Amino acid sequence: MRKLPKTFEPGSFEERWYSVWEKDGRFQPSGAPGSPRFVMVVPPPNVTGKLHIGHAYGRTIEDILARWKRMLGFRVLWVPGTDHAGIATQMVIERQLAKQGIARRDLGREKFVERIWAWKREAKDTIQAQMKRLGCSLDWTRERFTMDPDLSRAVRHVFAKLYQEGLIYRGRYVVNWCPRCETAISDLEVVHRETEGSLYKIRYDVAGGPAGAVVATTRPETMLGDTALAIHPDDPRTSKLRGRTATLPIVGREIPVVEDAILVNREFGTGVVKVTPAHDANDFAVGQRHDLPAVVVIGPNGKMTAQAGEYAGLDRFEARKRIVARLTDEGRLTSEPYRNSIGHCQRCDTVIEPYLSEQWFVKIRPLAEPAIRVVEEGTIRFVPDAWTKTYFEWMRNIHDWCISRQLWWGHRIPAFTCPNGHVTVSEDDPPSCPTCGAAPLEQDTDVLDTWFSSQLWPFSVFGWPERTPDFEDFYPTDVLVTGYDILFFWVARMIMAGLHFTGKAPFSTVHLHGLVRIGGEKMSKSKGNVIDPLEAITEFGADAVRFTLASAAASGATVSVERGRMAGSRNFATKLWNAARFTLSSLEGQDVPEDLAGRSLSLPDRWILSRLSGVARDVNRQLSEFRFDEAAASIYAFVWHELCDAYVEMVKPVLSGREGTEDERGSARGVLSRCLLDSLALLHPFMPFLTEEIWDKATGRPGTLIVAPYPTGETLRNDPEAERVIEAVRALVTRVRNYRGERGASPTEPVELWIAFDSPDPDLAASLPAVAPLLRHLGRISELRFEAPPGAAFRDVVSKLSLGLRVRETDADSGSGRLEKALAEIEQEYDGLSAKMRNPSFVDKAPPAVVEKTRRRLLELEERRAALSAGRS
RNA sequence: GGGGGGUUAGCUCAGCGGUAGAGCUCCUGCUUUACACGCAGGUGGUCGCAGGUUCGAUCCCUGCACCCCCCA
């Protein structure tokens, strides 16, 4: 046993313990294959930069689970890794280049991708270092990246298989297109935002219809691509337009009026709708139904195409301005203010342009159905359960998934075209066209959506589709921990892919946690309220940061983290440190019994062991329910308020030799030691560094707390009797102390205390003489008598004990207000409860236990009122 | 437009059928030989508003107000 330094400096040991654990292989699963295991894969962070506090939160939760399960004896495997994050990472590099005035096309695909790889290596190192500082017990020997060769093979395998199954198809459709990124994106990557804009009404001339037809639109520039007007077949307002032809303003093109009951909403607008098949998904469908041509007037870069005639080359918004001006001049256009929802690119916030282009899609319904079923059947459960409904809503209304991206960073689509135009999809690069034998073949230039590879993460990390030993041993995983914001993006798709390709649900429990907010506000660099995890760790220590995050982990959608709470956690760490210093100095050079079973224990000893047992049970239950906040609070309250505030203060006189026998001293040392070690173990998943550091000094077994057994409370006795007596002692001591306050006496002023044996709880009163020295010491009681208090004493009832108090030097009036207040409160509660008891239907209908409890409470109030009234004057 | 969540002490949040809890803050005392990142004591809440169900509602139901999120 060694001494702890007087001051607590987390920076002095955190990194040391991490390397000890890593060197000793503690992060790798140990134990025989087939023995109970616990497996998680980390949600791979994007290699776009560094981790923020939100990542630290999720990883802290996972590490708590991993360490807890490891200490419970499971073979724990927690797999680390990173995600290439196609569009996001590509943007990071594009921005870097833009600062030097270079566009990615200037550099060329090969050079550009090389550059991203260099960045990726750096970002991965940064992220890895951050997770290590945080203490994450990840198995770094199994670290993966979504573009590793074997994970890329899994992607190609999956693409080819889905294609063969007819679940991947290629076609020309209107997709969400970002003109800044110049790529298609999926529905999920479009962020809709209410925007103040205008609703334009444009009059089209109609052959034979003198009044013309007025259409409403928010995007007048698309009129250049109109190829029809549409009316509802049953709308009398527009029936005179039936079968006629309109003339497209500016362009002069003759376009038909078609009847379409699906597109045209009779309740909205003028009843006439312009149809632009190339620039609106609904209009595209109309075009299919009525065999209309599609004219692309806005190009992939957001500029007008040659089809836009005189507007060709203009930016789409500039074209809008000019077209509005011209139509206004021609007397064809009016506008009014209008709020509508406009789609923006999730990554760069550019307004999305629906754009007709050739893309690859996943036919998703056949995959969604089994994925719905596993959740319905409970094979997979969401924690908290509220997300189940959201999951079902989305899965039951799911749309086909556009998976091709016109990017350079990512998995290239394994589709090959021969000189004769035959398309081959293949897991391996085909040397020549399987159809006609021609060569060379050209691979599709597009890459896949990042989520197409991340959906395979829970099994691709184990080498699937090879049946590797790791895949056999560790798949399916147990728990997935991630933010609810990627429930659709990632979780749902992993479930679909896992079931389809491995035949098994990829995990059994999904814990969806809230998103971190600082002081109730979303983190953002512009608000300057971003907490950098490394800065926080440097200032407060990794353990304090982790404990704060765990404490904040309630089940709501937002997780509020504040610096004040970090400081609170740091204070708790310091408290534990000092408690350990005290304990170690008390045990130093002394005989410390390890086996407490055969010893006679004092009431405080029995009490704290009983509480330790209770807390251990609570913490295990709370962790199994993913209530990290409650588990953290349980340990905090036990260590600080029961072990430190109460037990340590109770046994100080015994330990110091002022009180008690040698045998009692030995017991106290054994109990204190046991409490410290078990507290360290209970707290280790939350505060791994500090607890390991103290454990080392306390046991001399460096680096072994991480694999020490986790206390479950089962080996200790639940001792209600000891709890009852000690809780009474604590209540009495508190009452004595605030009695001093009421009387304006100084805290050192001796108080006389009488406790009557004929108290409302005589059994309890009878057991108190055994702890008389304790009462005297803690309450600074000069005279303690077990008899009815004299008339001159102030009387009260505490914990069903009738007592009298007297302090010599008093400023009698100073606390009298409090007595009046106490009596008034008693009176109020008494009136309320007695009214209840007088209500026959309460006595009749309420559960007997509740009635009995109310009756007893009433008696207590009576006792207390009588005592306080007697003590008045 | 559809769906989900929230509104509890000055602040940040737990609780969710038997008249309210934590941390931080605040106030008053304390060099009580582990700890002032501490010790002891205390202040502070008609649990958003209005109805309903119930013997009883912060908790369940309905409506309203305000806030947040998701989907279209």
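Chain naming here is simple, since letters A, B, ... match the order of the sequence lines and numbering starts at 1 in each. Predicted, not measured: the structure shown is a model, and the values here were computed from it.
Backbone-only contact: A:His641 has heavy atoms under 4.0 Å from sugar-phosphate atoms and none from a base. A:Asn839 comes within contact range of the sugar-phosphate backbone alone, with a heavy-atom separation under 4.0 Å but no base atom that close. Using a 4.0 Å heavy-atom criterion, one finds that A:Ser341 contacts the bases of the nucleic acid, with or without backbone contacts as well. A:Pro840 comes within 4.0 angstrom of no nucleic acid atom, judged by non-hydrogen atoms across all strands. Among the heavy atoms of the strands lying under 4.0 Å from A:Tyr636 are primed sugar atoms or P, OP1, OP2 only; no base atom is included.
For the pair A:Lys845 NZ and B:G18 P, the interatomic distance rounds to 19 Å; values are reported in whole Å. Rounded to a whole Å, the CD atom of A:Glu194 is 13 Å from the P atom of B:C68. A:Phe392 places its CZ atom 19 Å from the P atom of B:C71, with the value rounded to the nearest Å. Whole-Å rounding puts the A:Tyr338 OH to B:G1 C1' distance at 11 Å. Distance, A:Phe488 CZ to B:C71 C1': 7 Å, rounded to whole Å.
Considering A:Ile694, A:Asn578, A:Leu690 in turn, A:Leu690 is the only one that fulfils the side chain to side chain contact (heavy atoms under 4.5 Å, CB included) rule with A:Phe8.
Looking at the side chain of A:Arg570, the nearest of the listed nucleotides B:C55, B:C37, B:A72 is B:C37. Side-chain proximity of A:Arg737 to B:U12, B:A40, B:C55: nearest is B:A40. Considering only the side chain of A:Tyr484, B:C69 comes nearest among B:C69, B:U19, B:A14.
A:Arg565 contributes no side-chain N or O that forms a donor-acceptor pair with the base of B:C24 under 3.5 Å.
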Pairs under 3.5 Å (N/O, protein and nucleotides 33-36 of chain B):
{"from": "B:A34", "atom 1": "OP1", "to": "A:Lys652", "atom 2": "NZ", "distance (Å)": "3.3"}
{"from": "B:A34", "atom 1": "O2'", "to": "A:Asn578", "atom 2": "OD1", "distance (Å)": "3.2"}
{"from": "B:A34", "atom 1": "O2'", "to": "A:Arg581", "atom 2": "NH1", "distance (Å)": "2.9"}
{"from": "B:A34", "atom 1": "N7", "to": "A:Lys652", "atom 2": "NZ", "distance (Å)": "3.3"}
{"from": "B:A34", "atom 1": "N6", "to": "A:Cys644", "atom 2": "O", "distance (Å)": "3.4"}
{"from": "B:A34", "atom 1": "N6", "to": "A:Glu649", "atom 2": "OE2", "distance (Å)": "3.4"}
{"from": "B:A34", "atom 1": "N3", "to": "A:Asn578", "atom 2": "O", "distance (Å)": "3.1"}
{"from": "B:A34", "atom 1": "N3", "to": "A:Ala579", "atom 2": "N", "distance (Å)": "3.2"}
{"from": "B:C35", "atom 1": "O4'", "to": "A:Asn578", "atom 2": "OD1", "distance (Å)": "3.4"}
{"from": "B:C35", "atom 1": "O4'", "to": "A:Asn578", "atom 2": "ND2", "distance (Å)": "3.4"}
{"from": "B:C35", "atom 1": "O2'", "to": "A:Asn578", "atom 2": "ND2", "distance (Å)": "3.2"}
{"from": "B:C35", "atom 1": "O2", "to": "A:Lys575", "atom 2": "NZ", "distance (Å)": "2.9"}
{"from": "B:C35", "atom 1": "N3", "to": "A:Lys575", "atom 2": "NZ", "distance (Å)": "2.8"}

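The phosphate of B:C71 (OP1 or OP2) has no side-chain N or O of A:Asn397 nearer than 4.0 angstrom. One finds a side-chain N or O of A:Trp640 lying less than 4.0 angstrom from the OP1 or OP2 phosphate oxygen of B:C39.
For B:A72 and B:G15, the P atoms lie 31 Å apart once the distance is rounded to whole Å. Look at the C1' atom in both B:G17 and B:C60: the space between them is 8 Å, to the nearest Å. B:U46 sits 26 Å from B:G41 when the P atoms are compared, rounded to a whole Å.
In summary, the aromatic rings of A:Phe488 and A:Tyr391 are positioned with their centroids too far apart to meet the 6.0 Å limit.
Ring geometry for A:Phe572 against A:Tyr636 counts as tilted: the plane angle lies between 30° and 60°, on a 0 to 90° scale. Using cut-offs of 30° and 60° on the angle between ring planes, the pair A:Tyr355 and A:His279 is tilted.
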